[in-house]
Amino acid sequence: MGNGLGRWAIWIGVAIFGAICWGVLALSRGETVNAAWLLFAALASYAIAYRFYARFIQTKVLETDDTRATPAERLNNGRDFEPMDRRVLFGHHFAAIAGAGPLVGPVLAAQMGFFPGTVWIIFGVILAGAVQDMTTLFFSMRRNGKTLGQMAREEIGPVGGVAALIAVLSIMVILLAVLALVVVNALAESPWGAFSLLMTLPIALFMGVYLRFLRPGRVLEVSLIGVGLLLLAIVGGGYIDASQYAEAWTFSGNQITFALIAYGFIASVLPVWVLLAPRDYLSTFMKIGTIALLAVGIALTLPVMQMPRATEFAFNGQGPVFAGSLFPFVFITIACGALSGFHALVASGTTPKLIQKESQVRFIGYGAMLMESFVAVMALIAACTLDPGVYFAMNAPPAALGDTVQSASQAVQGFGFSVSPETLQQTADNVGEDSIIGRTGGAPTLAVGISAIFSGLIGGAALQAFWYHFAIMFEALFILTTVDAGTRVGRFMIQDMLGNVYRPLGRTSWLPGNILASALIVGAWGYFLYVGVNDPLGGINQLFPLFGIANQLLAAVALTVGTTILIKMGKLKYVWVTLLPLAWDASVTLTASYLKIFSSDPRMGFFAQRSAAQEALANGELYGTAQSAEDVQQIITNSTVDGILSVLFALLIIIIIADAMRVWAGLIRGRKQPVMSEAPWEESHLDVDGNARDREPVGAGSGSRGGYRSDE
Amino acid sequence: MSKEAVLAPLRYAWGYLKEISGENAYDRYLAVHARTHGDEVPMDRGEFYRWRQDEKFNNPGSRCP
């Protein structure tokens with residue numbers, strides 16, 4: 001395997017190259033920085049982290065053991081437990097963790113400049129996010145694929161377990177509302193976008209029937225047809241936009257909101273094959289395809305970053321996109337791509353039941369998360385290559401920008417950037433929209449960035465409008481898939497809880513229980529969605545921090561469970577591997593919660609905002625960007641609800657960590673015997689490549705050729 | 001460049017696509033079935049996919065935002 005010296009020389013080379021890229025990013029005094037430096041800084045850092053840190057965690061901290069049979073091998077039932085080829089499982093795991101999160105967060109955080117976001121995405125994933133995913137995957141695998149909630153209950157105690165359950169359900173509600181809000185903001189007043197997205201419904205219905213009855217299981221064939229129809233729908237949207245029907249296809253935010261709520265309810269009640277399953281195939285193919293295209297696009301066009309390295313908003317906390325300064329709000333805004341608690345749910349549900357060999361947790365857990373981080377880096381690049389003036393005109397709250405390009409141009413001036421009204425109109429014309437003013441939520445901004453990169457690659461300016469709507473469609477499609485799937489998960493969780501009260505309600509096949517639980521979960525996220533769409537202060541501005549806090553709260557649960565298990569395994573020496581990210585995550589989340597609860601600045605603290613609005617109302621005045629007394633009343637209600645949620649999240653974190661610390665202290669002082677719920681050791685009959693000595697593992701290539709069976 | 005050098009990566013990609021999309025899950029099911037329950041009649045392709053789809057989505061995992 002080559003000589004040791006040569007290999008070291010290569011790694012030293014990678015390290016020096018990475019350091020040079022970081023140096024350029026941090027220090028270059030030139031006018032602008034090329035995106036290539038960012039791309040290569042990321043890749044070099046990932047390579048070193050994967051080779052050294054992930055390997056250290058695997059061999060020293062977790063001590064994976066390939067002679068030990070994984071649950072996939074021991075409990076193989078050909079259904080949920082099944083040894084799956086690591087490359088195939090990597091694809092499934094990546095598709096499950098990578099949703100809209102890594103695309104939206106970095107775009108919003110771009111208001112602080114490109115550097116803070118970059119540093120957090122890359123170092124966050126290496127030291128926290130990928131570590132969380134990998135350790136959770138390993139611990140769940142050692143426990144036959146137990147979920148995060150079950151592990152919290154068994155390893156910490158009932159209090160931690162209940163807190164984890166509440167955390168999961170509340171993050172689900174906020175998450176679904178925020179994602180649906182992104183879709184509403186992307187489609188409102190856009191006939192082109194609304195038409196193409198609505199066309200995905202008949203396409204999905206057709207695919208569902210095809211897959212279930214006409215040609216069962218011909219997934220590739222039907223996906224190919226589906227993607228073809230999808231592209232046609234985007235082209236069709238262009239015709240609609242230019243035709244006399246444009247008016248009929250123009251919907252307001254509230255119309256789309258109620259359509260989404262009705263859709264979410266119907267999709268949750270209906271059998272999955274009708275809408276959910278075909279949509280899932282479609283969005284997975286679109287997702288992988290678009291991400292690959294984006295990587296190629298950035299690598300070939302090598303755009304230049306227009307956004308400054310750091311804007312003054314990073315330090316004064318006065319940014320229009322969301323309030324708050326660099327610490328802690330960059331770390332809250334960018335969750336997916338750096339550290340996302342949501343992944344702990346995937347890593348502790350499906351994936352651990354499919355792993356062939358213990359050592360593969362590094363490739364699948366750590367590796368897939370690095371890949372998601374790379375997606376976040378690309379989203380950041382796409383946002384930062386836009387003209388900063390255009391960026392702020394798209395992302396500031398609509399009420400602050402006014403309705404015209406002139407008023408928006410002036411507002412941008414007020415933020416300390418400049419953009420001419422003509423440029424704003426030109427940008428809107430280029431992407432085939434009437435206006436791009438105040439299109440918050442991240443998706444439209446990213447779509448403008450992507451369309452610029454793609455049209456530099458294929459089709460030039462003539463195709464920019466097509467690429468813009470392609471990107472919008474792609475984001476909306478997989479956000480809706482998340483809304484479908486998330487609503488279903490939420491419904492099952494509610495049914496599970498209700499089943500404790502009245503048993504039949506827990507049966508997922510019982511229609512009244514199904515309808516009740518679906519209505520509850522859809523009603524919950526629907527409420528926040530409606531409120532967000534009509535929020536006089538800008539829904540994303542208000543809700544996104546809550547979403548980030550909830551997500552990082554879940555990460556705190558996962559890292560706390562991980563730390564507890566490491567102590568029980570007798571790995572006190574290495575406990576910092578999960579304890580340091582936990583300490584960081586807790587301090588970020590609690591600082592953000594503290595500011596959101598106690599800050600006396602009404603732009604920051606929810607309760608300060610409430611009192612300020614109340615005072616304004618009492619004096620018969622308007623507040624902030626409110627247009628009427630009802631608006632002010634709305635602000636008072638919203639800030640109360642959001643404030644109470646912040647308190648709830650902060651309390652949950654404190655309870656979970658305090659409860660775990662009690663357990664840690666007992667274990668370390670030796671007052672408590674470590675009780676672990678690990679499944680006992682059993683010998684593995686698969687060889688180190690995961691190929692069976694005596695049986696065929698799922699999806700494995702024959703070892704000698706090292707590839708897939710081509711066919712038949 | 002030999003023909004094989006061009007075809008091999010393509011064949012690999014095709015195999016990967018079939019695996020990851022679940023296109024060939026039925027073939028694999030037949031193989032496992034023959035080994036473990038050789039005496040029983042296996043499900044046909046349609047039955048198998050309907051069963052698998054219901055199975056998959058009635059035990060939903062979750063995905064990242």
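In what follows, chains are A, B, ... by sequence order, proteins preceding strands, each numbered from 1.
Summarising the geometry, atom CD1 belonging to B:Ile20 is positioned 7.0 Å from atom CD1 belonging to A:Ile288; distances are rounded to the nearest 0.5 Å. Atom OH of B:Tyr49 and atom CZ of A:Arg215 lie 11.5 Å apart (nearest 0.5 Å).
Looking at every heavy atom in both residues, A:Leu220 comes nearest to B:Lys18 through CD1-CG, 3.8 Å. When all heavy atoms of B:Ser21 and A:Phe285 are compared, the pair lying nearest together is CB-CZ, 4.3 Å. Across all their heavy atoms, A:Val88 and B:Glu19 have their closest contact at CG2-CB, 3.5 Å. Looking at every heavy atom in both residues, A:Glu221 comes nearest to B:Glu23 through N-OE1, 4.3 Å. For the pair A:Arg212 and B:Arg50, the tightest heavy-atom approach, listed with the atom from each and the gap, is O-NH1, 2.6 Å.
Among residues two or more places apart in sequence or in another chain, the ring pair (Phe, Tyr, Trp, His ring centres under 6.0 Å) test is passed with A:Tyr210 by A:Phe206. Applying the ring pair (Phe, Tyr, Trp, His ring centres under 6.0 Å) test to A:Phe90 and every residue at least two apart in sequence or in another chain returns A:Phe363.
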